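Report on the following structure.
In what follows, every chain begins at residue 1, and chains take the letters A, B, ... in the order their sequences are listed. As the structure is a prediction and not an experimental result, all values here were calculated from the model. Reckoned from all heavy atoms, side chains included, excluding hydrogens, waters and symmetry mates.
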Protein chains: 2
Amino acid sequence: MCSEQRPAALGWQAIRDEGLRRIRAREWAPGALIPHEAELAAEFGCARTTVNRALRALAEAGFLERRRKGGTRVVLTPLRKATLQIPIIRQEVEESGASYGYRLISRNLGPAPDALLQRLALRPGTELLHVRALHLRDGQPHVYEDRWLNPSAVPEILEVDLELISANEWLVQNVPYTDGELTLSAVSATPEVAALMGCTPGAALFTMERLTWKAGAPVTLVTQSYAPGYRVSTSI
Amino acid sequence: MCSEQRPAALGWQAIRDEGLRRIRAREWAPGALIPHEAELAAEFGCARTTVNRALRALAEAGFLERRRKGGTRVVLTPLRKATLQIPIIRQEVEESGASYGYRLISRNLGPAPDALLQRLALRPGTELLHVRALHLRDGQPHVYEDRWLNPSAVPEILEVDLELISANEWLVQNVPYTDGELTLSAVSATPEVAALMGCTPGAALFTMERLTWKAGAPVTLVTQSYAPGYRVSTSI
DNA sequence: CAGTGGTCTAGACCACGGT
DNA sequence: CCGTGGTCTAGACCACTGT
C-alpha cells in the first residue's frame, strides 16, 4: 500500500532513553567514546539535531562528557545530579501560611577579617558591610543570617534601610545577574546564635552559605542557619 | 557596499540574557504573559527555534512557566535553582586521595515500623530489609548509613553479600532506573550514632535522605549522616 | 476549535581543540 | 589542519489545552 514509508519517527527522549540504557548496560563503557552524532543519526534514522538534543540532555544529566573534536565520552563516575530550589525565605514562609517577619540585629561598616577578605579575593584592609539579622516565622526565629556585603561592588547598599527590607530581597531586586557558589552544611548553634534563635546551644542547624559574584567582583557572602528541624526536599 | 546585510545574528544565549534582563527590570512583569515565540523571533530577527531555545533555558532555570496554548508567563516567585551532585561515597573518598572502607553493622529482615510502611505506601506488616553500615575514610568513620530495602521490588538484594559491597553500589549497578526524592537536613547525633561515628553526642551531622522508586514500587529509603564538618558545594 | 509551545528536518556555517 | 560538537534557519507537523 504505502510505498514511501518512513521509519517511525523517534523523539529525542526515546534516543536519550536508549543512550541511557546503553550506558547502564555497559554497551557504552565508562570512559569510552561513543559514536558521533552523525553516525547515531544514521542509526536511528533521524536528523543530527535530534541526536544532539538527546546527547545534550544526557550530558546535562551528568552521564556524558562532550568536547568539540574530542567526541563524546561516558563519564567515569556517574554522579547523579539533583536540582534544589533555593527559596526566598519570606516567600517560603508566607506560602506555608505563616506570617513573615524580619529583624535587623546589627549593621557595621568596617574592615573585615583577613581570612574572609582572602576568600573573597579582596585586598587586606578592605571595608565591608557586616549585617546580622533574624527571619521570623509567626514571630518565632526561623533563620539566622550573617552577611558580608562588598560596597565597592554595590555602593547603593550603603543607602538602603536594612530595617525595612532584607539585604537578600534588595539584592534580588537590584543586582542584575550574579553567579556564585552555594555550600550546604550542618552547624552546631553557638551560645550566641542559640540565644537569638531560641534553641539549645549545640543544636544542629541546617546551614546554607552563598557567595555571589558580579562581573568578577564579590558581592556578598551570606550564611543562613535554619531553626532545628528544617528540611529541604527535591525530586531526583 | 553590501546590499543584503543581515542583522547581526543573535545567539540563543543573547536572547536568554535579554529575556532575563526584562524579567529583572519588570519589563516582563511577574505573573504576566510575555509575547509569543513568533513575535519575539520577529523582534530579534531570528528563527523561532532560537527563541524557543532561549525561553526553554529560562523556564528550566525557573524564571518562566510555559504552557501550550496558555503561553509563557513570568513566574511569580523566582526561586533560584542549584544543581548539586550526589556523590557515590566511595568515589568521593577515593578521589580526595583517602582510602575507603565499608563496615556492615547490622542486617535484619523483618516487619518494618508502621510509620515507615505508611510513608512507603506499603501494607502494614510488610517485611523489609534493614541495613546499617559505616563508610570509612582512612579508617575513620565518615558516613553512617541507615537503610531500608524493599525485597518485593528488588528480590535479588536478599542474595547479595552486603559485607562485600555496599547496598548503594549494588543498587547503582543493578537497578535500571529509579526516580525518587532527596531530603537534606541537619541532625543531632544520637548517643548510639555518636559512638559509632566517634563524635560527641549531639554533634551536628549533615544528613541526606533518599527515597527511590522503581515503576511505582518503593525500592529503598536511605539516611546517610556525614561526620561533623562535612560540606557540599555547588555553583549557582 | 484554534492558538501556542514542542519537536523534527535537512542543510549550513562556525568554534573549538586534538593531531 | 580538519573532525566534532554547537548552533542557526525556514518550514512543517503535532500535542496539548484554554475558550
Side-chain angles (χ1 to χ4, degrees), chain A residues 2-20 22-23 28-76, chain B residues 2-20 22-23 28-76:
Chain A
C2 0
S3 44
E4 308 186 52
Q5 190 158 18
R6 279 195 178 233
L10 286 176
W12 67 269
Q13 311 204 12
I15 296 175
R16 176 201 58 187
D17 291 346
E18 170 62 11
L20 189 49
R22 292 182 185 183
I23 293 169
W28 290 347
L33 276 175
I34 73 170
H36 329 173
E37 292 186 347
E39 201 167 329
L40 290 169
E43 176 189 341
F44 291 119
C46 66
R48 183 169 77 91
T49 317
T50 306
V51 173
N52 181 280
R53 179 83 194 270
L55 296 187
R56 186 157 34 90
L58 287 173
E60 282 168 5
F63 294 104
L64 296 176
E65 231 173 23
R66 321 197 70 195
R67 275 191 216 168
R68 283 162 159 153
K69 165 70 182 178
T72 301
R73 288 181 183 281
V74 178
V75 164
L76 278 169
Chain B
C2 358
S3 45
E4 308 188 50
Q5 190 160 17
R6 279 203 179 222
L10 286 177
W12 67 270
Q13 312 203 10
I15 296 176
R16 176 202 59 189
D17 291 346
E18 170 62 10
L20 188 50
R22 292 182 186 183
I23 293 169
W28 290 347
L33 276 175
I34 72 170
H36 326 173
E37 293 186 346
E39 201 167 328
L40 290 170
E43 175 189 343
F44 291 119
C46 66
R48 183 168 77 91
T49 318
T50 307
V51 173
N52 180 280
R53 180 82 196 271
L55 296 187
R56 187 157 33 89
L58 286 174
E60 282 167 4
F63 294 104
L64 296 176
E65 230 172 25
R66 321 197 69 196
R67 274 191 217 167
R68 284 163 157 144
K69 163 72 181 180
T72 300
R73 289 182 181 280
V74 178
V75 164
L76 278 169

Integer-rounded Å distance: D:dG6 C1' and A:Leu64 CG: 16 Å

Between D:dG6 atom P and B:Trp12 atom CH2, what is the distance in whole Å? 11 Å

Can you find a side chain N or O atom of B:Thr49 that sits less than 4.0 Å from OP1 or OP2 on C:dT7? no

Round to the nearest Å and state the distance from A:Arg53 atom CZ to D:dT7 atom P. 12 Å

OP1, OP2 of C:dG6 versus side-chain N and O of B:Asn52: anything below 4.0 Å? yes

Of the listed nucleotides (C:dG5, D:dT7, D:dT4), which one gets closest to any side-chain atom of B:Thr72? C:dG5

Can you name the side-chain contact (heavy atoms from CB on, under 4.5 Å) partners of A:Glu39, sequence neighbours left out? A:Pro35, A:His36

note: B:Glu37, atom CD; D:dA12, atom P; distance rounded to Å ~ 17 Å

List the residues meeting side-chain contact (heavy atoms from CB on, under 4.5 Å) with A:Glu43, not counting sequence neighbours, and say none if there are none. A:Arg22, A:Leu40

Length of the line joining A:Arg56:CZ and C:dC8:C1', which is rounded to integer Å: 14 Å

Write down the atom of A:Leu33, the atom of A:Arg73, and the distance for their closest heavy-atom approach. CD2-CG, 3.7 Å

Treating primed atoms plus P, OP1 and OP2 as sugar-phosphate and everything else as base, which nucleotides of nucleotides 13-19 of chain D get B, S or - for protein heavy atoms under 4.0 Å? --BBBB-

In whole Å, I'd like the distance from the CD atom of B:Glu60 to the C1' atom of C:dG5. 14 Å

N or O in side chain of A:Arg66 less than 4.0 angstrom from D:dT4 OP1/OP2: no

Any residue meeting side-chain contact (heavy atoms from CB on, under 4.5 Å) with B:Thr50, in chain and number order, not counting sequence neighbours: B:Trp12, B:Ile15, B:Cys46, B:Ala47

Could you check how far CD1 of A:Ile34 sits from C1' of D:dG5, rounded to whole Å? 11 Å

Check this one for me: any side-chain N or O of B:Gln13 less than 4.0 Å away from OP1 or OP2 of D:dT7? yes

Separation of B:Leu33 atom CG from C:dG5 atom P, in whole Å? 9 Å

Salt bridge (Lys or Arg N to Asp or Glu O under 4.0 Å) contacts in which one or both residues fall within residues 52-61 of chain B, not counting sequence neighbours: none

Under the side-chain contact (heavy atoms from CB on, under 4.5 Å) test, residues paired with B:Ala59 that sit two or more places apart: B:Leu64, B:Arg66

Using a cut-off of 4.0 Å on non-hydrogen atoms, how would the nucleic acid contact of A:Thr50 be classed: base, sugar-phosphate, or nothing? sugar-phosphate

If every non-hydrogen atom of B:Glu65 is compared with every non-hydrogen atom of B:Val75, which pair is closest and at what distance? N-CG2, 3.9 Å

